[in-house]
Every structure is written in C-alpha cells, then in structure tokens.
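What follows is a single structure, written as structure tokens, with notes after it.
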There are 2 protein chains.
Amino acid sequence: MITPRFDILGQAISDASRTQMLCELMEGRAYTNKELAAAAGVTPQTASAHLRLLQDAGLVVAEKRGRCVYHRLAGAEVAHALEQLAAIAPADSLHRAQQRKAGDLAQVRSCYDHLAGPLAVAMTRAFLDRGMLQEEHGAFRAVPAGEWLKLGVILPEKPGRQPFARPCLDWTERKLHVAGPMGRLILDHALGSGWVKRHRHKRGLMLTTPGTRALEQILDLSCGGLVAA
Amino acid sequence: MITPRFDILGQAISDASRTQMLCELMEGRAYTNKELAAAAGVTPQTASAHLRLLQDAGLVVAEKRGRCVYHRLAGAEVAHALEQLAAIAPADSLHRAQQRKAGDLAQVRSCYDHLAGPLAVAMTRAFLDRGMLQEEHGAFRAVPAGEWLKLGVILPEKPGRQPFARPCLDWTERKLHVAGPMGRLILDHALGSGWVKRHRHKRGLMLTTPGTRALEQILDLSCGGLVAA
DNA sequence: AAAACCCTTCGCCGCGCAGCGAACTGTCCG
DNA sequence: CGGACAGTTCGCTGCGCGGCGAAGGGTTTT
C-alpha cells in the first residue's frame, strides 16, 4: 500500500499555535516571526520552532531581508489544500462568537491571493445573477461581458488547463466565491484602484467609499454594513 | 480572525498509525477494528483508541453488526479532502520502494468509490484521447458517446451543481483520473461485470481476463502488465 | 561604540499521548 | 453452559514535544 506522508502534514497542522499562524498566513501577506508569534499567543522562540517545522513540511517559505525574516505560504496549492480541509473542519465556535462581536473585521478580507468573506460571496452571487459567470460541473465559467474590464479582469482567449475562475469555499459563510487567476486579478485591481485598503495593524481589509460606489455602479451591489468604521 | 479547527483534523492525521488506517479506508470498504489494527501494526486496544479519535474528528463512522464493528470513511468529502492533502504531501519513499517490488499490487485499486492507480489513469487518458471526455478549466466534461453505455455510465441530461466527472489526483502517479458519480458508476459496473475482482485477503483489486478483453474492445486499451497473477 | 532590535539556539520542565498487558463486556457457536 | 472471539476500558510506562528563560549571532539605529 502506498501511503502519502499525511502524518508530516498532519503533524504540521495538528497544533493550535501552528494553525493560528497558518490562518494568519492565508491572508496572503508575508509576516515576520514576531507578528506570527503574537497572532498565536506564544513567545518568539516558540514561534521560531513552529515556523521551522512548517518550513520542513513544505507549507511555508521564509525570506530573509535585513534583520527581519518574512514568512509566507509556500504556494497557491498549499492555500487550496488548506481551504479544502477547512471545508470539512468543524468551525471554531469560540472564534465564531468573537467574529459576531468584532463585526466588520471578518466582512472584507483576503484569502491568500483573492478577496474572501461576505463581500466576495456577495460579488460572486452578483456575477452569477447577472450571467457574467456560470456554475457548471462544480466549476466556474466566465462569460464575456463589459463589466469584467471594469473590474480589472481580462478573460483569456482559450480555456487553459488550470481553471481561470476557481470556486473557493469561504470559511465563515461556507459559500463559494471566486479564486484562481480571476480572483487574483480582482483583488489586485481593487487594491490598485483604492476600492479596498489593507489595515495598518489589524488583519483584514477595509472597503472604501469609492469602492462601495464602484461596486454599486458596476454590479448594482449594495454594500450596506460592509464599510469599515 | 476565524480559524477553522484545523488542529482537530490535524491531530487526527498527525499520527502514522492513524494515517495508515485512513489510507486503508480510502479503498472505500468497511474494515473491522482488527483488520485496521493489523494494517497499522498495532494491537487492537491501540487501534480502538485511534478509531475513537478519528470518529470524534468526524473522519470515520462506525457501524455495529453482531460482535463486529465496521469502520468506514465518513463520506466522499473526507476522501476528497484527503486526496487534496496527498497532492501536497511528500510521498513515502520507503513505501514507494515496496510498491515497485510488489509490482501489480498497486496497479489496480480503488480510491474510496472509484477506480484508481495506473489502470484508472490509463482509462482516463483513453477517454481524453478518444474525445469522450474533455478537460476544461481544470474540470472534466463528458461528451456523449456510445462507449459510455458499455462502461455502465449514463450521462445526466443537464449538468448539475456537483461535477459528474470529478478529476482526482492519483497518489502514486500524480496524474488525474475520473472520480465523482461517473467514477462510481464505472467501478460499480466493472465489479458487476466481473471485469475487476476484489482480492480475498490482499488489498487492492485484480483485473480479470474478461475485463482486459472488454477494455481492449471498448477503448482500444492494452492492459499489458496490469493483469494480476 | 553602544544600544536597540529581530531572530535563533540551548537547556530545562511538564503535559499529552501512543503503546501495551490485563481485565471486562458482549456475541456467536458447540 | 462454557469456550472462543471481537471490542473496549483501565492503568501504567516512556517518549515526544510545546512552552519559556537565558544566552548568542546579526543587523539597524543613535
């Protein structure tokens, strides 16, 4: 019997501190040791050991720049596999309660390299409603439309082997939203256009007033309650 | 930040004994405690504890029948998530060596509810070559063809939300083969027609002479080396 | 040069847990 | 009824590993 080394991966994600770090890294940004240590609630020494383990497991890569070491997920496949796991993992009820209290914190955020959270779910729903996107065989198929260009998306001429618009299951909503190259384009464009901004210290993103207006104009999407305070 | 309880799943698959059991269960059959204990190389008491943990994690369900308890994977989602993990997990080189020595053992086998291994990969390649199946956006799309009926597959009238032919990455070959409802139909038909048979005590399946002839006739597929001794 | 800062390595403590032997429950069979 | 067998529970042992404090190597700032 051939057994993939699940245990190596499993051991990597079997610890609450490490999963906390991984969830942090799912934002797609690179983080320093100290930041991840704070996120997991442990000292830097401990975080250092955890990150070395995650590195050995191939889930995380490190990049030294000056006196800081920046850690990030090893690739989109890793983020994708973790999403899949999240789909069958029981949600943390404790943190779910925090989410309700925190309110907007989880409303708009990024998932590795694309938008996630309620905003992304709402946008995807708008794509489907307007016929810009079709769900078929559990995959997304983009339909040529003028709206795409306004969202910073240029559709490929021919469908490639990799899905251009990959469905990604949101952790909180348990609903699909757009990932893959199209998701990346949308996030890049939204950041470049100032529709969303990264928080300085808090995690997550904030939807700006221009962003709200643009989404309303292009997709007829009302973003009530999603604008950060 | 919302964190799915990766750690619960992670702890479940962080132990080599448990992963061994899970790989065994990936065959799709139900196994008794004793069988799984033998597969993992531990005593029944230890296996019992492991299985209770896997049950608590929601990966495995147990069914009591007489004095035996049959364990099986909790569902196709679990099998799917494990496949995804296997895609980024380093393969076990030790067992890879065993595979080469064992030869036909890994050639034909099932992956939860569909055929897997080199045979399934070869069949999928034949589907694609003959135009019965198309790969698009990383998904499979079945094309109506007479061959499908001979393989026990009746194509659905309209594409549903769930993919009918889901691509599944094989552990050993790292190549795609057909899973999902279509994969299940093919395996069911192959078992029902006597094309493949389950080994009595050994794991895996064996391709019969009628099976070889049928595949050659329908798909022009030569199965040299895949027939069990 | 000294101070501040980021990260890592080392050594230690303590918990958690995999593993087994022994004993117990429940089921099937003669 | 009594033996055989599957599974579980209990108690124990030993290893692994998460955690931190202390100390050391590098880099940036003053």
Side-chain angles (χ1 to χ4, degrees), chain A residues 3 5-25 29-73 92 200-201, chain B residues 3 5-25 29-73 92 200-201:
Chain A
T3 60
R5 296 303 301 271
F6 283 146
D7 52 336
I8 291 182
L9 284 178
Q11 205 235 358
I13 62 173
S14 64
D15 181 77
S17 300
R18 281 192 290 269
T19 57
Q20 199 78 18
M21 293 182 187
L22 284 175
C23 288
E24 206 70 16
L25 290 165
R29 267 181 48 202
Y31 289 84
T32 64
N33 184 6
K34 202 181 180 184
E35 286 173 321
L36 293 171
V42 293
T43 56
Q45 310 93 290
T46 308
S48 183
H50 283 313
L51 284 166
R52 205 165 65 117
L53 203 154
L54 288 174
Q55 216 171 320
D56 290 345
L59 296 179
V60 162
V61 290
E63 187 186 344
K64 199 169 180 181
R65 191 117 47 108
R67 64 180 167 183
C68 290
V69 179
Y70 291 96
H71 303 269
R72 71 182 67 204
L73 286 190
D92 190 333
R200 287 204 62 74
H201 293 297
Chain B
T3 60
R5 296 304 301 272
F6 283 146
D7 52 335
I8 292 182
L9 285 177
Q11 205 234 358
I13 61 173
S14 64
D15 182 78
S17 300
R18 281 193 289 270
T19 57
Q20 198 78 17
M21 293 182 186
L22 283 175
C23 288
E24 206 70 16
L25 290 165
R29 269 181 48 203
Y31 289 84
T32 64
N33 184 5
K34 203 180 178 184
E35 287 173 321
L36 293 172
V42 294
T43 56
Q45 310 95 287
T46 308
S48 185
H50 283 313
L51 284 166
R52 204 165 67 119
L53 203 153
L54 289 174
Q55 217 170 322
D56 291 345
L59 296 178
V60 162
V61 290
E63 187 186 343
K64 201 169 178 180
R65 193 127 34 115
R67 64 178 166 182
C68 290
V69 179
Y70 291 96
H71 303 268
R72 71 181 67 202
L73 286 190
D92 189 333
R200 289 203 62 73
H201 294 296

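Lettering follows sequence order; numbering is per chain, from 1. None of the values given here were measured: they were computed from a predicted structure.
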Completion exercise
Here the gap from Ser17(B) atom OG to Leu51(B) atom CG, rounded to the nearest 0.5 Å, amounts to 11.0 Å
Exercise for the section: Not counting sequence neighbours, which residues clear side chain to side chain donor-acceptor pair (under 3.5 Å) with His50(B)? List them please. Expected result: Arg18(B)
Practice task
Only counting residues at least two apart or in another chain, list the ones meeting side chain to side chain donor-acceptor pair (under 3.5 Å) with Thr46(A).
Solution key: Thr43(A)
Problem - Min side-chain heavy-atom separation Val69(B)-Asn33(B) under 4.5 Å - result: no
Exercise for the section: Summarise protein proximity over nucleotides 22-30 of chain C in one line of letters, 5' to 3': B for base, S for sugar-phosphate only, - for none, counting protein heavy atoms closer than 4.0 Å. Expected result: B----BS--
Problem - side chain to side chain donor-acceptor pair (under 3.5 Å) against Glu35(B), all qualifying residues, sequence neighbours excluded - result: Thr32(B)
Handout entry: Non-neighbouring partners of Ala49(B) that pass side-chain contact (heavy atoms from CB on, under 4.5 Å), sequence neighbours left out
Key = none
Problem - Outermost nucleotides of DNA chain D that come under 4.0 Å of a non-hydrogen atom of chain A - result: dC17(D) to dT28(D)
Completion exercise
Expected string for nucleotides 13-19 of chain C under the B/S/- scheme (protein heavy atoms, under 4.0 Å, primed atoms plus P, OP1, OP2 as sugar-phosphate) is ----SSS
Exercise for the section: Starting from C1' on dC7(C), measure out to CG on Leu54(A) and report it in whole angstrom. Expected result: 16 Å
Handout entry: Sub-4.5 Å side-chain heavy-atom contact between Leu22(B) and Val60(B)
Key = yes
Handout entry: Pairwise side-chain contact, Ile13(A) with Leu9(B), heavy-atom cut-off 4.5 Å (strictly under)
Key = no
Completion exercise
The side chain to side chain donor-acceptor pair (under 3.5 Å) partners of Gln55(B) (sequence neighbours excluded) come to none
Completion exercise
Arg72(B) and Ala30(B) have their tightest heavy-atom pair at NH2-CB, 3.7 Å
